[in-house]
Colleague: 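To start, I am sharing the structure in question, which I have written as structure tokens.
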2 protein chains.
Amino acid sequence: MKKNTGEQHLRFAVLAVDVALMTVRDGRLLIRLAPVHRPPHFPNSKGLPGGLIDPKETAEEAALRIVKAKGHVESTVYMEQLYTFSELNRDPRGRVVAVGYIALIPWDELSTSEREDTDDAWWVPIEEARGLAYDHDLIRKTAHNRLRARATYTTIVSKLMPTEFTLTDLERVYESILKTDLDKRNFRKKILKIQVLTALNRKRTGGAFRPAELYRFTSPSVKEIEIL
Amino acid sequence: MKKNTGEQHLRFAVLAVDVALMTVRDGRLLIRLAPVHRPPHFPNSKGLPGGLIDPKETAEEAALRIVKAKGHVESTVYMEQLYTFSELNRDPRGRVVAVGYIALIPWDELSTSEREDTDDAWWVPIEEARGLAYDHDLIRKTAHNRLRARATYTTIVSKLMPTEFTLTDLERVYESILKTDLDKRNFRKKILKIQVLTALNRKRTGGAFRPAELYRFTSPSVKEIEIL
DNA sequence: CCAAAAGTGTTTTTCCTACACCCATGT
DNA sequence: ACATGGGTGTAGGAAAAACACTTTTGG
């Protein structure tokens, strides 16, 4: 076993995190982009919020910090590690190994300013987020696939819902992630059967139609369930 | 945004891989251990095969290299990234961020010497691999959970099977991973229905009983399937 | 009274589970 | 001929899928 080939051998790489921060608005799955300006390779580009890990924080702590800084999000976000990207040339300036994260937040919990597209952060429909800098197209695709897979066998979508919502709201979120149409009656039967929702016995009124019962997720934790 | 807080800030961590190399022998799920001798914290301990990533290789390449070196395995192994462990004190000597991998190999494809327990590598039943150095108990547990989960909705067990096997062989492997008894008839119906096996129209003879039909996995790739 | 979304039940089909006996071979 | 693991079918119940009309409200 080799030992001590020197500091530059042991610590050759820069450690970073890249975050696929996602939300759902009006039945559309959105992802947060941030400007990337790194000539000559990526002048005036867009990419996922990302940044270096500090010596005194874990990768997840770094991801949370970066979502707040570059994603302009103050609210509590849900974080889940996605994959670690270690290709030699994923950053043309040098060796950067990035731990990718999925971050989810309900649109309704963002403050007005957080929802805005500012100069250095935009919410865009995930299928329109192409041509990103570095290997961020790959990270986005990996994140999208993972979210879709986990939506079918966990309660991860709870992290995209406001505290109160109607069954139709919930169905729309599932449909936007899975990109399928679900049968309203069967969806309601299944989601109520698995006992993860609590009816609030209050209704959301306001539209020119019958008011809808409000629900919340009973538990804040993401649980494994049967397939939806 | 901070820039250039110095090299020691940017490259503070050592990057490593730790590999949960697993196989199945006689219906038992085994994991490969290697000696760890790092006084004062881990004198004469055991741990998963692991080592540093080189500047010119990806994490996966490092994992493959380490399985060959520390795991004493020459054959082709299947690799799947597990999780990245970045706790500040997972290695008491300094900051080490480790990308964990699951590696699978059919017992039958190991050479005689690879199967042996040598001075610096042992195959042990996974439930007996406790008290490992560093955070390797956590990595082992994470790997075991992941393998169990993926066995139920992918064809990952194909990576633990020899090229030819009987349906009973396959059932034994599932049972050892899932730690349940499966119904022979139902297991056969399901596994044949999902169309991932090809019958070789040859039989394995030799025992004092009816010869068993031999099968192989139709495709070498790990596919998502319905739950088993 | 009209438009709009909420809410609800039944039938059909598919899938899962439980279960026991005969078959082909080697000794 | 006997011991051993290989191989097969069916019936009953549970879950999934398909499908259309009535309800409640605001305007």
Side-chain angles (χ1 to χ4, degrees), chain A residues 24-28 108 151-155 161-162 164-176 178-216 224-228, chain B residues 24-28 108 151-155 161-162 164-176 178-216 224-228:
Chain A
V24 171
R25 178 186 35 156
D26 301 337
R28 298 263 274 171
D108 315 67
T152 66
Y153 62 90
T154 71
T155 57
M161 303 305 294
E164 299 186 356
F165 52 86
T166 68
L167 293 184
T168 303
D169 292 342
L170 186 60
E171 188 185 338
R172 295 268 172 285
V173 173
Y174 270 102
E175 287 172 339
S176 76
L178 303 179
K179 282 229 172 313
T180 53
D181 264 21
L182 300 173
D183 180 274
K184 179 163 63 157
R185 283 174 285 193
N186 294 336
F187 175 78
R188 284 161 189 244
K189 267 179 283 183
K190 271 189 238 172
I191 202 81
L192 292 176
K193 177 142 58 87
I194 61 176
Q195 306 254 340
V196 295
L197 299 184
T198 304
L200 296 177
N201 300 313
R202 282 187 291 109
K203 308 219 182 258
R204 175 192 293 165
T205 172
F209 46 82
R210 179 172 176 176
E213 180 71 36
L214 287 166
Y215 291 85
R216 63 176 175 83
E224 309 234 335
I225 54 170
E226 285 319 296
I227 60 165
L228 201 69
Chain B
V24 171
R25 176 186 37 155
D26 301 337
R28 299 264 273 171
D108 316 65
T152 67
Y153 63 91
T154 72
T155 57
M161 303 305 295
E164 299 186 357
F165 51 87
T166 68
L167 293 184
T168 303
D169 292 342
L170 186 59
E171 188 185 337
R172 295 268 172 284
V173 172
Y174 270 102
E175 287 172 338
S176 74
L178 303 179
K179 281 232 173 311
T180 54
D181 265 21
L182 301 173
D183 180 274
K184 179 163 63 157
R185 281 174 286 193
N186 294 337
F187 175 78
R188 282 160 191 246
K189 267 179 283 184
K190 271 188 239 173
I191 203 79
L192 292 176
K193 174 142 60 87
I194 61 178
Q195 306 255 343
V196 295
L197 299 183
T198 304
L200 297 176
N201 299 313
R202 282 187 291 110
K203 307 218 181 260
R204 175 192 294 166
T205 172
F209 45 84
R210 178 172 175 175
E213 181 70 35
L214 287 166
Y215 291 85
R216 63 177 174 83
E224 309 235 334
I225 53 170
E226 284 320 295
I227 60 166
L228 201 71

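Proteins get letters first, then strands, A, B, ... in listed order; numbering begins at 1 in each. This one's a predicted model, so the numbers in the text were calculated from it and none came from an experiment.
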Colleague: Atom CZ of A/R188 to atom C1' of D/dA16: distance rounded to whole Å?
Modeller: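 Rounded to the whole Å, the gap is 18 Å.
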Colleague: Whole angstrom is fine here: how far is it from NZ in A/K203 over to P in C/dA4?
Modeller: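 It is 22 Å, rounded to the nearest whole Å.
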Colleague: What residues form a side-chain hydrogen bond (donor to acceptor under 3.5 Å, both in side chains) with A/T205, not counting sequence neighbours?
Modeller: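 Testing A/T205 for side-chain hydrogen bond (donor to acceptor under 3.5 Å, both in side chains), a comparison that skips the adjacent residues, returns none.
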Colleague: Quick check on D/dG6: is either OP1 or OP2 less than 4.0 Å from any side-chain nitrogen or oxygen of B/T168?
Modeller: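 Yes, B/T168 has a side-chain N/O under 4.0 Å of OP1/OP2 on D/dG6.
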Colleague: Atom CG of A/D181 to atom C1' of D/dA17: distance rounded to whole Å?
Modeller: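 The answer, rounded to whole Å, is 15 Å.
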Colleague: Just how far, in rounded Å, is P of D/dG6 from OH of B/Y215?
Modeller: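 The answer, rounded to whole Å, is 12 Å.
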Colleague: Residues in side-chain hydrogen bond (donor to acceptor under 3.5 Å, both in side chains) with B/K190, at least two apart?
Modeller: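 Per chain and number, B/K190 pairs via side-chain hydrogen bond (donor to acceptor under 3.5 Å, both in side chains) with no residue.
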Colleague: Using every non-hydrogen atom in the two residues, find where B/G27 and B/S176 come nearest and quote the distance to one decimal.
Modeller: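 Reported closest heavy-atom pair: O-CB, 3.0 Å.
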Colleague: Roughly how far apart, to the nearest Å, are D/dC2 and C/dC22 at atom C1'?
Modeller: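 Comparing C1' positions in D/dC2 and C/dC22 gives a spacing of 15 Å.
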Colleague: Nearest 0.5 angstrom please: A/D183 CG to A/E171 CD, how far?
Modeller: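 Interatomic distance, A/D183 CG to A/E171 CD, rounded to 0.5 Å: 8.0 Å.
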Colleague: Could you grab the distance from atom CG of B/D181 to atom NZ of B/K179, nearest 0.5 Å is fine?
Modeller: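 If I round to the nearest 0.5 Å, the distance is 11.0 Å.
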Colleague: Do you know which two heavy atoms are closest between B/L182 and B/E175, and how far apart they sit?
Modeller: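 Looking at all heavy atoms of both residues, the shortest contact is N-OE2, 2.9 Å.
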Colleague: Polar pairs (N or O, both sides) under 3.5 Å between protein and nucleotides 24-27 of chain D?
Modeller:
| residue | atom | partner | partner atom | Å |
| --- | --- | --- | --- | --- |
| D/dT24 | O2 | A/R210 | N | 2.7 |
| D/dT25 | O2 | A/A208 | O | 3.1 |
| D/dT25 | O2 | A/F209 | N | 3.1 |
| D/dG26 | O4' | A/G207 | O | 3.4 |

Colleague: What is the per-nucleotide protein-contact pattern of nucleotides 12-20 of chain C, from the 5' end, where B denotes a base atom under 4.0 Å from a protein heavy atom, S denotes such proximity for sugar-phosphate atoms only, and - denotes neither?
Modeller: ----SBBBB
Colleague: Could you check how far CG of B/L214 sits from C1' of D/dG5, rounded to whole Å?
Modeller: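 In whole Å, D/dG5 C1' lies 14 Å from B/L214 CG.
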Colleague: Just need the stems in DNA chain D: three or more back-to-back Watson-Crick or G-U pairs, each with both distances under 3.5 angstrom, sorted by first number.
Modeller: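 Paired runs of 3+ in DNA chain D: C:1-15 with D:13-27, C:17-21 with D:7-11, C:23-27 with D:1-5.
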Colleague: Between atom CZ of B/F165 and atom CG of B/D108, what is the distance when rounded to the nearest 0.5 Å?
Modeller: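 One gets 11.0 Å once the value is rounded to the nearest 0.5 Å.
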Colleague: What is the distance from CZ of A/F187 to C1' of C/dG7, rounded to the nearest Å?
Modeller: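 The distance from CZ of A/F187 to C1' of C/dG7 comes to 14 Å, rounded to the nearest Å.
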Colleague: What distance do A/K184 atom NZ and A/T168 atom OG1 have between them, rounded to the nearest 0.5 Å?
Modeller: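 The OG1 atom of A/T168 is 6.0 Å from NZ of A/K184, to the nearest 0.5 Å.
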Colleague: What I'd like to find out is whether the side chain of B/E213 reaches to under 4.5 Å of the side chain of B/N201, using heavy atoms alone.
Modeller: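 Touching, per the 4.5 Å side-chain cut-off.
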Colleague: Nearest whole angstrom, please: distance from the P of C/dG26 to the CZ of B/R204.
Modeller: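 Atom-to-atom, B/R204 to C/dG26, this comes out as 14 Å.
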Colleague: Do A/Y174 and A/I191 make a side-chain contact, defined as non-hydrogen atoms from C-beta onward lying under 4.5 Å apart?
Modeller: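 Heavy-atom side-chain distance check passes, below 4.5 Å.
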Colleague: Could I get the full list of side-chain hydrogen bond (donor to acceptor under 3.5 Å, both in side chains) partners for B/T166, not counting sequence neighbours?
Modeller: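 Partners of B/T166 under the side-chain hydrogen bond (donor to acceptor under 3.5 Å, both in side chains) test: B/D169.
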Colleague: What is the distance, to the nearest angstrom, from the CD1 atom on B/I191 to the C1' atom on D/dG7?
Modeller: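 For the pair B/I191 CD1 and D/dG7 C1', the rounded distance is 16 Å.
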